[in-house]
A.B. asks: 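Quick one: the structure is below, and I'll ask about it shortly.
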Amino acid sequence: MAAKGIRIGARALSAVVLMAASAASWAAWPDKVVRIVVPFAAGGSTDLIARKIAEGVSQETGGNVIVENRPGAGGTVGTEYVARQPADGYTILMGSVSTHGSATCIYSKLPYDPRKDFTPLAVVATIPNVLVVNRNVKARTLPEFVALLKREPEGHSYASNGQGTSNHLGAELFKATAGVNMVHVPYRGSGPALIDVVGGQVDAMMDVVMTSYPYIKDGKLTALAVTSPTRSAMLPDVPTVAESGYAGYEAMVWFGLFAPANLPADVREPLTQALHKVLAKPAMRGYLEQQGAQPVDITGKAFASMIDDEIDKWCGVAKRASIRLD
């Protein structure tokens with residue numbers, strides 16, 4: 001009996017030690033610099049939102065949170081870098097629909113697995129695209145544009161941020177949904193693409209609301225429809241693609257935070273809690289809405305399930321459009 005009591009006591013002591021260690025780890029994070037890696041160049045929408053989140057998490061935790069840009073290969077360079085870092089809560093990725101939704105569908109040798117190599121933490125926000133045309137295009141509504149494309153199946157074009165980007169795939173999904181044809185003209189970023197759409201070198205583009213908005217406001221581009229399930233607060237008079245006759249169409253850009261795979265629960269919990277508090281603050285929500293973004297609250301398993309759905313959706317689009325990059 002005494003030996004049994006000793007064994008029970010030892011197990012109880014072991015449990016107490018483990019609980020104490022877990023609590024100590026919880027209390028310790030963050031005790032050094034936390035890096036949010038943005039796999040795109042500085043100054044873009046992903047970078048700007050990441051910097052606002054870094055500022056909020058710094059204030060919430062009292063730690064030092066910085067943004068580190070590691071651009072290249074459509075966001076896959078910085079994403080692979082984070083996947084190879086220790087799962088300790090000090091290196092976080094600001095991923096997107098491009099890095100975790102469509103990349104696996106278009107790159108034949110993607111250097112990471114978006115499902116297995118990361119711990120999904122939280123979706124930050126979603127942003128709709130808007131389908132815009134230049135003022136020379138004889139269409140002021142989406143049905144008019146579709147009718148034009150069907151009357152003239154040759155000679156019309158659309159721009160994108162680059163081959164295999166989310167707005168390229170969104171436009172290809174629209175083409176398949178509406179049964180129309182346009183020639184794809186890829187650019188290196190939305191800036192030069194929009195300039196050529198405004199200038200009339202390209203007819204149309206599907207672009208995030210925040211970057212197209214100034215041109216729409218100045219009358220240089222016509223907004224035909226937004227790609228979200230509901231209308232954008234920035235463009236309340238512009239209908240959705242679904243409203244315009246194509247029920248079920250949706251092509252959202254989203255941003256989300258990831259840690260490397262197998263992040264321990266005692267680090268994941270305080271990290272996710274800090275992110276939740278920051279994203280729930282009125283100042284942060286207001287900032288995101290000013291950028292044309294819609295704050296969302298999707299974490300953990302729900303986020304992982306969303307990624308599965310996004311991969312299935314965009315791989316189907318990429319396969320139908322024969323989009324594949326080496």
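Keep in mind it's a predicted model, so treat the numbers as computed, not measured.
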A.B. asks: Compare all side-chain heavy atoms of Met252 with those of Val296 and state whether any distance is below 4.5 angstrom.
C.D. replies: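 Not in contact.
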A.B. asks: What residue pairs, at least two apart or across chains, pass salt bridge (charged side-chain N to carboxylate O under 4.0 Å, His left out) with a residue in residues 197-219?
C.D. replies: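 Found none.
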A.B. asks: Checking Ile36 against Ile66 for the side chain to side chain contact (heavy atoms under 4.5 Å, CB included) test, could you report, in this order, the C-alpha distance in whole Å, the side-chain angles of both residues, the deciding distance, and whether it holds?
C.D. replies: CA-CA 6 Å; Ile36 298 179; Ile66 64 171; over 6 Å; no
A.B. asks: Quick check: does any side chain N or O of Thr272 sit under 3.5 Å from a backbone N or O of Glu269, one acting as donor and the other as acceptor?
C.D. replies: no
A.B. asks: Going by the salt bridge (charged side-chain N to carboxylate O under 4.0 Å, His left out) test, which pairs reach into residues 231-251, not counting sequence neighbours?
C.D. replies: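 Counting only pairs at least two positions apart or across chains, the salt bridge (charged side-chain N to carboxylate O under 4.0 Å, His left out) contacts touching residues 231-251 are Arg231-Glu243.
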A.B. asks: Any idea which heavy atoms bring Ser166 and Val97 closest together, and the distance?
C.D. replies: CB-CG1, 3.7 Å
A.B. asks: My understanding is that only residues two or more places apart in sequence, or in another chain, count here; which of them pass side-chain contact (heavy atoms from CB on, under 4.5 Å) with Ser244?
C.D. replies: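 Once residues adjacent in sequence are excluded, the partners of Ser244 under the side-chain contact (heavy atoms from CB on, under 4.5 Å) criterion are Leu142, Pro143, Ala225, Pro239.
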A.B. asks: Can you tell whether the side chains of Glu172 and Arg320 come within less than 4.0 Å, N to carboxylate O?
C.D. replies: no
A.B. asks: Do the side chains of Val202 and Leu148 join up, straight or via other hydrophobic residues, at under 4.5 Å, putting them in one cluster?
C.D. replies: no
A.B. asks: Just jot down the side-chain contact (heavy atoms from CB on, under 4.5 Å) partners of Ala293, sequence neighbours excluded, or say none.
C.D. replies: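 Only Ala125, Ile127, Leu288 meet the side-chain contact (heavy atoms from CB on, under 4.5 Å) criterion with Ala293.
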A.B. asks: Taking the six-membered ring of Tyr215, is NZ or CZ of Lys220 closer than 6.0 Å to its centre and within 45° of its axis?
C.D. replies: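 No, a cation-pi geometry is absent between Lys220 and Tyr215.
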A.B. asks: Any chance you could measure Leu169, atom CG, to Gln163, atom CD, to the nearest 0.5 Å?
C.D. replies: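 Separation between the atoms: 9.0 Å.
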A.B. asks: Calculate, to the nearest 0.5 Å, the distance between atoms CD and OH belonging to Gln290 and Tyr287 respectively.
C.D. replies: 8.5 Å
A.B. asks: Using modelled atom types and a 3.5 Å cut-off, is there a donor and acceptor pairing between side-chain atoms of Ser58 and backbone atoms of Val65?
C.D. replies: yes
A.B. asks: Kindly state each residue pair satisfying ring pair (Phe, Tyr, Trp, His ring centres under 6.0 Å) with at least one member in residues 162-189, sequence neighbours excluded.
C.D. replies: Tyr158-His184, His168-His184
A.B. asks: Between Tyr213 and Val208, is there a side-chain heavy-atom distance shorter than 4.5 Å?
C.D. replies: no
A.B. asks: Listing request: all ring pair (Phe, Tyr, Trp, His ring centres under 6.0 Å) pairs with a residue in residues 33-87, at least two apart in sequence or in separate chains.
C.D. replies: none
A.B. asks: Is there a donor-acceptor contact under 3.5 Å from the side chain of Thr79 to the main chain of Gly75?
C.D. replies: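 Side chain of Thr79 to backbone of Gly75, a donor-acceptor pair under 3.5 Å: yes, one is there.
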A.B. asks: Quick one, Thr240 with Thr227, criterion side chain to side chain contact (heavy atoms under 4.5 Å, CB included). Give me CA distance, side-chain angles, the key distance, then yes/no.
C.D. replies: CA-CA 6 Å; Thr240 67; Thr227 63; over 6 Å; no
A.B. asks: Is it the case that the side chain of Asn167 and the backbone of Asn161 share a donor-acceptor pair, with hydrogens and angles ignored and the cut-off at 3.5 Å?
C.D. replies: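 A pair under 3.5 Å: yes.
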A.B. asks: Roughly how far, to the nearest 0.5 Å, is the CD1 atom of Ile49 from the CE atom of Met284?
C.D. replies: 9.0 Å
A.B. asks: Output the distance between atom CE (Met206) and atom CG (Leu224), rounded to the nearest 0.5 Å.
C.D. replies: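 Going from the CE atom of Met206 to the CG atom of Leu224 covers 9.5 Å.
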A.B. asks: Which atoms form the tightest heavy-atom contact between Val34 and Gly89, and what is the distance?
C.D. replies: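 Distance-wise, the nearest heavy atoms are CG1-O, 3.9 Å.
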A.B. asks: Which heavy atom of Ala204 sits nearest to which heavy atom of Met182, and what is that distance?
C.D. replies: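 Taking Ala204 first and Met182 second, the nearest heavy atoms are CB-SD, 4.5 Å.
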A.B. asks: Taking side chain as C-beta onward, heavy atoms only, is Ser108 less than 4.5 Å from Arg324?
C.D. replies: yes
A.B. asks: Give a yes or no on whether Leu194 and Val137 share a hydrophobic cluster (residues Ile, Leu, Val, Met, Phe, Trp, Tyr; joining criterion: side-chain heavy atoms under 4.5 Å apart).
C.D. replies: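 No, no single cluster joins them.
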A.B. asks: Does the plane of the ring in Trp29 sit parallel, tilted or perpendicular to the ring in Tyr90? Use 30° and 60° as the thresholds.
C.D. replies: tilted
A.B. asks: Among the clusters formed by ILVMFWY side chains lying less than 4.5 Å apart, do Ile53 and Leu271 turn up in the same one?
C.D. replies: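 Per the 4.5 Å side-chain linkage, Ile53 and Leu271 are co-clustered.
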A.B. asks: Val124 and Leu279: side chain to side chain contact (heavy atoms under 4.5 Å, CB included), yes or no, with the steps?
C.D. replies: CA-CA 7 Å; Val124 173; Leu279 295 171; 3.8 Å; yes
A.B. asks: Just verifying a value: how many Å separate Arg268 CZ and Leu121 CG, rounded to the nearest 0.5 Å?
C.D. replies: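 So the CZ of Arg268 and the CG of Leu121 are separated by 8.5 Å.
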A.B. asks: When clusters are formed by joining ILVMFWY residues with side-chain heavy atoms under 4.5 Å apart, either directly or through shared neighbours, do Val130 and Phe145 land in the same one?
C.D. replies: no
A.B. asks: Any pair with a residue in residues 109-135 that passes side-chain hydrogen bond (donor to acceptor under 3.5 Å, both in side chains), sequence neighbours left out, goes on the list, sorted by first then second residue, please.
C.D. replies: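 Found Arg115-Asp308, Arg135-Thr222.
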A.B. asks: Tell me the closest heavy-atom pair linking Val146 and Ala178, and the distance in Å.
C.D. replies: CG2-CB, 4.2 Å
A.B. asks: Please list all pairs meeting disulfide bond (SG atoms under 2.5 Å apart) that have one or both residues in residues 155-262, counting only residues at least two apart or in different chains.
C.D. replies: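 For residues 155-262, and leaving out neighbouring residues, there are no disulfide bond (SG atoms under 2.5 Å apart) pairs at all.
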A.B. asks: Could you go through Met306 and Val123, starting from their C-alpha distance and side-chain angles, then the distance that decides it, and tell me whether this counts as side chain to side chain contact (heavy atoms under 4.5 Å, CB included)?
C.D. replies: CA-CA 10 Å; Met306 184 186 111; Val123 181; 3.9 Å; yes
A.B. asks: Could you pull out the closest heavy-atom pair between Ala87 and Ala261, with the gap in Å?
C.D. replies: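 What the structure gives for the nearest pair is CB-O, 3.2 Å.
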A.B. asks: Quick one: does Arg285's side chain get under 4.5 Å of Pro295's, heavy atoms only?
C.D. replies: yes
A.B. asks: Are Leu275 and Val57 side-chain neighbours, meaning at least one heavy-atom pair lies under 4.5 Å?
C.D. replies: yes
A.B. asks: For the residue pair Val67 and Ala54, what are the closest heavy atoms and their distance?
C.D. replies: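 Closest approach of Val67 to Ala54, heavy atoms only: CG2-CB, 3.9 Å.
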A.B. asks: Using atom types as modelled and distance alone, determine if a side-chain donor or acceptor of Ser305 lies under 3.5 Å from a backbone N or O of Lys301.
C.D. replies: no
A.B. asks: Using the disulfide bond (SG atoms under 2.5 Å apart) rule, collect all pairs that involve residues 64-120, keeping only residues at least two apart or in two chains.
C.D. replies: Cys105-Cys315
A.B. asks: Looking only at atom types and distance, does a side-chain atom of Tyr107 sit under 3.5 Å from a main-chain N or O of Ala73, one as donor and one as acceptor?
C.D. replies: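 Yes; judged by distance alone, with no hydrogens or angles, the pair exists.
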A.B. asks: Going by the rule side-chain contact (heavy atoms from CB on, under 4.5 Å), which residues pair with Val82 if we only count those two or more places apart in sequence or in a different chain?
C.D. replies: Val37, Thr91, Leu93, Phe118, Pro260
A.B. asks: Would one find more than 12 heavy atoms of other residues, nucleotides or ligands at under 6.0 Å from atom NZ of Lys281?
C.D. replies: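 Above 12, so yes.
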A.B. asks: Any non-hydrogen side-chain atom of Met94 less than 4.5 Å from a side-chain atom of Leu257?
C.D. replies: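 Yes, side chains in contact.
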A.B. asks: Can you list every pair that meets salt bridge (charged side-chain N to carboxylate O under 4.0 Å, His left out) and has a residue in residues 144-167, with sequence neighbours left out?
C.D. replies: none
A.B. asks: CG of Asp196 to CE of Met205: how many Å apart, nearest 0.5 Å?
C.D. replies: 10.5 Å
A.B. asks: Looking at Lys313, I'd like to know if its NZ atom is crowded, meaning that more than 12 non-hydrogen atoms belonging to other residues, nucleotides or ligands lie closer than 6.0 Å.
C.D. replies: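 Counting neighbours around NZ of Lys313, more than 12 heavy atoms of other residues, nucleotides or ligands fall under 6.0 Å, so yes.
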A.B. asks: I'd like to check Glu310 versus Trp254 (side-chain heavy atoms, cut-off strictly below 4.5 Å). Are they in contact?
C.D. replies: yes
A.B. asks: May I have all residue pairs that pass disulfide bond (SG atoms under 2.5 Å apart) and include part of residues 186-215, sequence neighbours excluded?
C.D. replies: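 Sorted result for residues 186-215: empty, none.
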A.B. asks: Would the distance check show the side chain of Ser212 and the main-chain N or O of Val209 forming a donor-acceptor pair, the cut-off being under 3.5 Å?
C.D. replies: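 Judged by distance alone, no pair lies under 3.5 Å.
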A.B. asks: Grouping I, L, V, M, F, W and Y whenever their side-chain heavy atoms are under 4.5 Å apart, do Phe258 and Ile311 come out in a common cluster?
C.D. replies: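 Cluster IDs for Phe258 and Ile311 match.
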